[in-house]
Amino acid sequence: MAKKQLDLKTGQLTEWPEKYSDIEHNPSAIRLNSETSQEQITELFQQQSFPELILIEFPMFTDGRVFSLATTLRHHFNYTGIIAATGHVLPDQLSYLTRCGFDWLELVEESAPSSTLQECLSFFSVRYQPS
Amino acid sequence: MYQYNELDQTLVNERVEQFRHQTHRYLNGELSDEQFLPLRLQNGLYIQRHAPMLRIAIPYGMINSQQLRTLADISDQYDRGYGHISTRQNIQLNWPELEQVPDILAQLATVQMHAIQTSGNCIRNVTTDQFAGVAADETEDPRPWCELIRQWSTLHPEFAFLPRKFKIAVNGNASADRVAIRFHDIGLQIKTNSNGETTFDVWVGGGLGRTPVIASLLKSDLPSKHLLSYLEAILRVYNLFGRRDNKYKARIKILVRSMGIEAFCERVDHFWQPIKNGPLTVQTDRINRLRQHFSEPVYTPIHDEQVLALQLSLTPGFKRWFEHNVQPHRVSGYRIVTLSLKSNDRAPGDITASQLRAVADFAERYSFSEARTTHEQNIVLSDVREDLLFELWLELSEQQLATPNINTLTDIICCPGGDFCALANAKSIPIANAIQQKFEDLDDLYDLGPIDLNISGCMNACGHHHIGHIGILGVDKKGNEYYQVSIGGNSGHHASLGTILGPSFYADEIPDVISKIIDVYLAHREENELFIEVVERIGSKPFKDKLYGQKAA
């Protein structure tokens, strides 16, 4: 079965783009996880121009470092490409992901049913924080 | 006090529906126990020894008559007709059914209340001085700043899954610290600079629990417009670098200690500079709008000191209460009244539904319809006209809310302990009640002066035993409950941690142990020296000798 992704901005389910199917061998995409340090990111961005896509893996849904990692990519490194999440993510975290700068959620085996994901994406119409 | 606007109300309503959805999915088997755990905790719901426990937020302790009545109704309808005031100024219900919690939350939302972030590894209820806005010696009312922090921290997208819980306290008083800012993850001390502008001293890495630590000063004189961006930078550093491998080493105090305060400060600065003048900057009109919510009521003092003097001279019971439960107010002709929830026939901090309704009535009739919960687990009516004190005292007495013991040895801070809490090693409520019974004689009690006695049923230290002048900690040894006793803790501006006196005691030995400690104090006391001053002067050795004999030395 072809991989799917949830577009966190629109709530649409689409095919995972073919060109990112093999991230390890795609120079325009990189994979990070919650252990990735700020120094490693600095180094990465010094070596190459901004990748088109950064895939960040949740080792478990309680590992909140991932939220700060995406925030720093957007606000400290000024990264403007696509940020996608993968791994153990709860539907209830999707709006937080969006607000921290994630664009996509890669659907994996442990993902909740897509109807639940879509429903949970839009629980809040208001927020206190700037983003 | 703060009144919701449309955004606040919408957010709370949507949170109720989200939690209803989450509970439904859990009961349907779509969410596992492990997945539901942080979701329910972020909404104040624990699974306890007997039943779930729901902790309802009372933001920085402010509550009005309508809210008190709703709490009373909820505790009657869904619980067993009482609630418990926590040491973070919240209120806990001990017996709700999980299935009914969404309905309870919906009812709370109708009176601008919620249970958001009263537990879980997120930013918790911000606490402050129960005398905020009415204390005579205050630098600035901290409540508008508390509300600003409440809004910033509520459903913050980045900080809902921190390494561990995160507690912030704000103190607006230079001479007194009733907030224990040095024992919080972040403690903020409000100051005023030479231009009359508000600034903050930012203390970081304090806390109790297994590893009690006094906070370090991270930044002096932070301009108030930078408050939120600076807090955000601290939280970002904590979220990225705090330990997640061991929950007992996950609080920010451990991170600060392992990095050292200078290195920690540099990290914070690194993350602060890029956001310093960004959208989190606190605009003057925003804080001024919040200040309007806490503007002073229309005071109409009647100055008739003779009547009060006469009442005091004729009624010894009223005089005792006046001397211990009534504090001076910023406005002459008004007083601050503390309602005691401490007596030997109830758990410290417990309040029944009928008492909640009575407090609602008293607040309405005597104090502009507002009350405050305190971190000492009592309730305050902050604006009582002096000429009405006697009448109020009579009514409070009928409700068992006038025990004249505020700040005395029997005004005990105490966690729910082994009677309710699944984490506890030992019971704490019966220990508190036994001590209260032992020191029932009021004249003897008053002779001892102010003494903070704190009891925790386990080393998580919800009863803040480390910072009691006398601290009692429940410990478990091979399935039996024992109690370790410490002295010399202090929560105020002269913060200190208690010293453990020696091997622990059986429960039934504790009242006599406290008596012996008091005997040492009385034997060494010079003139009007306070208990804590004697401990600081003579050290713990005379107390150890008294309890354990000379061999303890």
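In what follows, chains carry the letters A, B, and so on, assigned in the order in which the sequence lines appear, proteins first and then strands, with residues in each chain numbered from 1.
- Interatomic distance, OG1 of Thr62(A) versus CG of Asn121(B), reported as 8.5 Å (0.5 Å rounding).
- With contacts defined as side-chain heavy-atom distances shorter than 4.5 Å, the pair Glu14(B)/Ser125(A) qualifies.
- No donor-acceptor pair closer than 3.5 Å links the side chain of Glu158(B) to the backbone N or O of Gly64(A).
- With rounding to the nearest 0.5 Å, the separation of OH in Tyr128(A) from CG in Leu7(B) is 6.0 Å.
- Contact detail for Pro130(A) and Pro279(B): the closest heavy-atom pair is CB-CB, 3.8 Å.
- Within a 6.0 Å sphere centred on NE2 of His24(B), heavy atoms belonging to other residues, nucleotides or ligands number 12 at most.
- Note that the CZ atom of Arg65(A) and the CZ atom of Phe161(B) stand 14.5 Å from one another [nearest 0.5 Å].
- Looking at Phe271(B) and Gln38(A), their side chains come closer than 4.5 Å, going by heavy atoms from C-beta outward.
- Comparing Ala112(A), Pro113(A), Cys100(A) by heavy-atom pairs within less than 4.5 Å of chain B, the highest count is held by Cys100(A).
- Remark: Thr72(A) OG1 to Arg236(B) CZ distance equals 7.5 Å, nearest 0.5 Å.
- Of all the heavy atoms in Leu69(A) and Leu240(B), the pair that sits closest is N-CD2, 4.1 Å.
- To the nearest 0.5 Å, the span separating CG on Leu90(A) from CZ on Phe36(B) amounts to 11.5 Å.
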- Message: Determine whether Glu232(B) and Gln129(A) satisfy the following criterion, side-chain contact (heavy atoms from CB on, under 4.5 Å), listing intermediate values before the conclusion.
- Response: CA-CA 11 Å; Glu232(B) 182 133 318; Gln129(A) 300 76 13; 5.7 Å; no
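- Around atom CD of Gln47(A), more than 12 heavy atoms belonging to other residues, nucleotides or ligands sit under 6.0 Å away.
- Under the 4.5 Å side-chain criterion, counting only non-hydrogen atoms from C-beta, His21(B) is in contact with Cys120(A).
- For the atom pair Thr10(B) OG1 and Phe124(A) CZ, the distance stands at 11.0 Å (nearest 0.5 Å).
- Using a 4.5 Å cut-off between heavy atoms, Pro274(B) touches chain A through its side chain atoms alone.
- Only the side chain of Thr71(A) comes within less than 4.5 Å of a heavy atom in chain B; its backbone stays farther off.
- Closest of all the heavy-atom pairs between Phe67(A) and Pro157(B) is CD2-O, 3.6 Å.
- Neither the backbone nor the side chain of Ser34(A) has a heavy atom closer than 4.5 Å to any heavy atom of chain B.
- The candidate from Asn13(B), Asp8(B), Leu39(B), Leu155(B) with the greatest count of non-hydrogen atom pairs under 4.5 Å with chain A is Leu155(B).
- When the candidates Gln151(B), His156(B), Glu6(B), Arg15(B) are compared by the number of heavy-atom contacts under 4.5 Å with chain A, Gln151(B) comes out ahead.
- Heavy-atom pairs under 4.5 Å with chain A were tallied for Gln22(B), Arg25(B), Gln273(B), Glu34(B); the largest tally goes to Arg25(B).
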